Amino acid sequence: MEDMLEEGKSYIITCTVHGVAPIQNLRVTILRGKEEIYNKTFKDDSRVGNITEPVTYQITAERSDNMEDFSCQATLALGTVIGNKTVPSANVTVRTFALPDKPKLEVNQWIEIGTGQMATCKVSNAFPPEHLNLTMIFNTITLSMNKTKMADGSVLGSAGIPPDTLLGTYRLLCKAELVSLSSEASTDIHIYELPDISFTVSNDSVLLGDSITASCLLNNNNSDPYGVTIRLNGEEICKDPAMDCNVPVNRRSPQSLVSCEAFIKDNTDITVRREKSLTVHYSPQFQDDQCPGHFALREGNNGPFKCQADGNPPPTVTCRRDSWNLPTDRTFDINRTHSGQYECQATNEHGVQSKSVMVEVQYPPATPNITAVPTATIPKGGALNVTCWADGLPQPEYRWEIPNGASVVYMNNNSVIFIPETSTSHSGTYTCHAVNQHGGSSVALVITVTDYTLVIILCVVGFLLLIIIIIAIVCLILWKKNRRGFHDLFKPKQEKWQEEEMTPMKTQCNNH
């Protein structure tokens with residue numbers, strides 16, 4: 001068999017037994033070290049006489065086969081008396097090798113002239129790695145390489161690109177060789193010179209809407225590899241200008257940036273940039289983000305009035321209403337009477353700009369006014385409205401605390417409580433809270449619901465008793481007026497009483 005095996009390839013092992021008889025008693029064994037990997041017998045073979053028999057077996061080479069001894073042996077079974085006769089072959093020690101992956105070449109492809117640069121070439125999965133040969137060639141020069149075996153079994157080679165290489169494009173090649181196998185990787189290396197530029201502008205201060213002149217010149221001996229772009233605030237104005245570039249300034253900003261960019265046409269990542277700052281002057285202008293049309297201020301002390309204008313130089317801003325001025329540079333006190341339309345004016349050396357703004361002075365709610373209609377004391381069953389109102393800006397929100405179990409209807413943004421039919425459960429304290437973003441205040445009202453059912457019953461009973469008493473008295477008077485033969489025995493003067501009483505009695509008797 002072959003003794004140099006490439007990983008993954010198939011190979012034939014041949015074991016030839018010479019002049020064996022009888023062949024029917026033969027067994028041929030192929031071994032890998034002490035491991036039997038194949039056996040063949042000839043029990044059904046009909047041949048007779050001395051026979052030379054080749055036995056073949058196919059294997060696929062693996063890394064584990066490296067430095068293993070392959071052999072075969074022939075065993076002839078000669079019965080119980082003589083026994084078995086075994087003849088071994090000589091050993092074949094094999095070596096396996098593999099180079100499955102291409103080299104990986106890593107290097108900066110663009111190298112500035114006069115600077116050194118390291119290139120690396122890595123080969124993975126080579127076997128055995130210690131037998132791998134790495135070569136790095138720059139153009140036609142074989143570079144001196146350091147080779148290192150990594151922990152993962154890969155091999156890493158490194159070499160330096162000569163720093164004295166002239167401008168131009170060169171080929172860098174990395175070649176890996178192992179026994180009969182080889183693989184390579186290559187890339188182009190560009191040795192370049194940075195652009196050398198001179199950049200000037202005609203003026204470093206400009207009025208909005210005017211222009212300046214910018215000049216950008218290449219000082220390199222050969223300007224063909226380079227491109228030039230002039231920009232204003234990042235926007236391209238001129239590209240590869242043959243002469244000076246006219247740069248119009250139209251953006252409202254105190255500062256603008258003019259730049260010249262020189263770059264290598266084949267690699268625009270290599271760029272040299274020069275910049276000039278411009279001061280831009282312009283008249284005032286009000287912007288809504290700096291001075292909105294409506295301001296809401298809290299009554300009392302406020303910071304500087306936040307109405308500003310855009311302009312360069314920064315403009316002076318004043319805001320007036322009649323004789324009242326809203327300071328933009330200090331704190332001030334304001335009250336609700338100062339609400340209204342103000343005229344703001346921004347001024348600098350380049351012009352004047354005006355804007356009208358509305359100022360609304362807001363304040364927390366005052367103590368609410370609470371009323372009950374028809375009255376805070378109401379008979380059971382009647383309808384009741386409880387209204388709460390407070391002066392505040394923004395318009396206050398209303399929240400209520402009512403007796404437990406009281407069923408009410410909230411109306412008019414919660415400022416009114418309506419009770420269609422009162423009951424004793426509605427009696428109690430009703431507290432109104434008026435609240436806005438600046439504060440709140442409260443007021444309470446006690447509602448009393450009266451129940452006259454028992455009073456009416458008592459009044460009816462009393463009235464009936466009074467009628468009965470009056471009737472009784474009338475009957476008694478009438479009865480006394482019409483009585484006959486009754487005498488008052490309790491008079492103290494009996495004799496006089498008898499005289500006075502006897503006379504009419506006699507008269508009555510005589511009449512009968």
Side-chain angles (χ1 to χ4, degrees), residues 105-120 138-141 160-173 185-283 285 310-314 350:
L105 186 60
E106 292 187 356
V107 64
N108 188 350
Q109 291 183 261
W110 291 83
I111 303 173
E112 186 179 357
I113 188 170
T115 62
Q117 184 69 237
M118 293 299 294
T120 61
F138 181 68
N139 205 24
T140 58
I141 302 172
I161 305 297
D164 56 352
T165 305
L166 300 178
L167 296 174
T169 300
Y170 302 88
R171 192 72 174 169
L172 178 64
L173 174 71
S186 63
T187 187
D188 286 334
I189 301 296
H190 307 276
I191 307 299
Y192 70 90
E193 182 183 37
L194 280 173
D196 180 17
I197 56 177
S198 297
F199 180 49
T200 59
V201 294
S202 60
N203 202 336
D204 59 2
S205 179
V206 62
L207 189 62
L208 185 69
D210 289 350
S211 298
I212 63 161
T213 300
S215 174
C216 189
L217 300 177
L218 279 166
N219 300 321
N220 300 78
N221 293 331
N222 180 14
S223 62
D224 292 341
Y226 308 105
V228 174
T229 300
I230 294 178
R231 300 178 183 273
L232 176 64
N233 299 318
E235 180 182 353
E236 183 180 300
I237 304 298
C238 299
K239 187 170 185 178
D240 295 325
M243 301 178 64
D244 291 344
C245 177
N246 186 57
V247 182
V249 181
N250 297 312
R251 192 177 79 173
R252 291 181 64 89
S253 175
Q255 296 292 323
S256 285
L257 197 64
V258 184
S259 63
C260 171
E261 297 175 357
F263 52 88
I264 296 177
K265 294 177 181 178
D266 292 335
N267 185 359
T268 56
D269 289 337
I270 301 174
T271 300
V272 173
R273 181 185 178 95
R274 299 285 185 268
E275 297 177 344
K276 298 289 185 181
S277 180
L278 295 180
T279 300
V280 184
H281 296 273
Y282 46 90
S283 62
Q285 188 176 85
D310 176 42
N312 196 33
H350 301 294

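As the structure is a computational prediction, the values presented were derived from the model and not from experiment.
- Here the closest non-hydrogen pair linking Q109 and T187 is NE2-OG1, 2.9 Å.
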Given T229 and F263, is the side-chain contact (heavy atoms from CB on, under 4.5 Å) satisfied, shown in steps? CA-CA 9 Å; T229 300; F263 52 88; 3.7 Å; yes
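- Counted within 6.0 Å of CD on E235, heavy atoms from surrounding residues, nucleotides or ligands total 12 or fewer; the atom is thus considered open.
- Remark: the backbone N or O of E261 is not paired with any side-chain donor or acceptor of R274 at under 3.5 angstrom.
- Residues V258 and F199 are in side-chain contact: their nearest non-hydrogen atoms beyond the backbone lie under 4.5 Å apart.
- Considering CG of D210 and CG of N203, their distance stands at 10.0 Å, rounded to 0.5 Å.
- A salt bridge is defined here as a Lys NZ or Arg NE, NH1 or NH2 lying under 4.0 Å from an Asp or Glu carboxylate O, and D188 with R171 meets this definition.
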side-chain contact (heavy atoms from CB on, under 4.5 Å) assessment of W110 paired with Q117: CA-CA 10 Å; W110 291 83; Q117 184 69 237; over 6 Å; no
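- Applying the 6.0 Å contact sphere to NZ of K265 captures more than 12 heavy atoms from other residues, nucleotides or ligands.
- Heavy-atom minimum distance, H281 versus P313: ND1-CD, 3.9 Å.
- N312 pairs by the side chain to side chain donor-acceptor pair (under 3.5 Å) definition with nothing, not counting sequence neighbours.
- Listed by first then second residue, pairs satisfying disulfide (SG to SG under 2.5 Å) with a partner in residues 209-244 read C216-C260, C238-C245, not counting sequence neighbours.
- Scanning all heavy atoms of the two residues, the minimum distance from L194 to E112 falls at CD1-OE2, 3.4 Å.
- Without hydrogens or angle criteria, N139 side chain to I141 main chain gives no donor-acceptor distance under 3.5 Å.
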Determine, stepwise, if the pair L105 / L172 fulfils side-chain contact (heavy atoms from CB on, under 4.5 Å). CA-CA 9 Å; L105 186 60; L172 178 64; 4.1 Å; yes
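- Here the closest non-hydrogen pair linking S256 and L232 is CB-CD1, 4.0 Å.
- Ring-centre distance between F138 and Y170: below the 6.0 Å cut-off.
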Evaluation steps, side-chain contact (heavy atoms from CB on, under 4.5 Å), between I111 and I161: CA-CA 9 Å; I111 303 173; I161 305 297; 4.2 Å; yes
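- A donor-acceptor pair is defined here as one N or O able to donate and one able to accept, closer than 3.5 Å; such a pair exists between the side chain of D240 and the backbone of V228.
- In summary, the side chains of S198 and N219 do present a donor paired with an acceptor at a separation below 3.5 Å, with no hydrogens or angles considered.
- For the residue pair S277 and Q255, a side-chain donor N or O sits within less than 3.5 Å of a side-chain acceptor on the partner.
- Shortest non-hydrogen contact noted between I197 and V272 is CD1-O, 4.0 Å.
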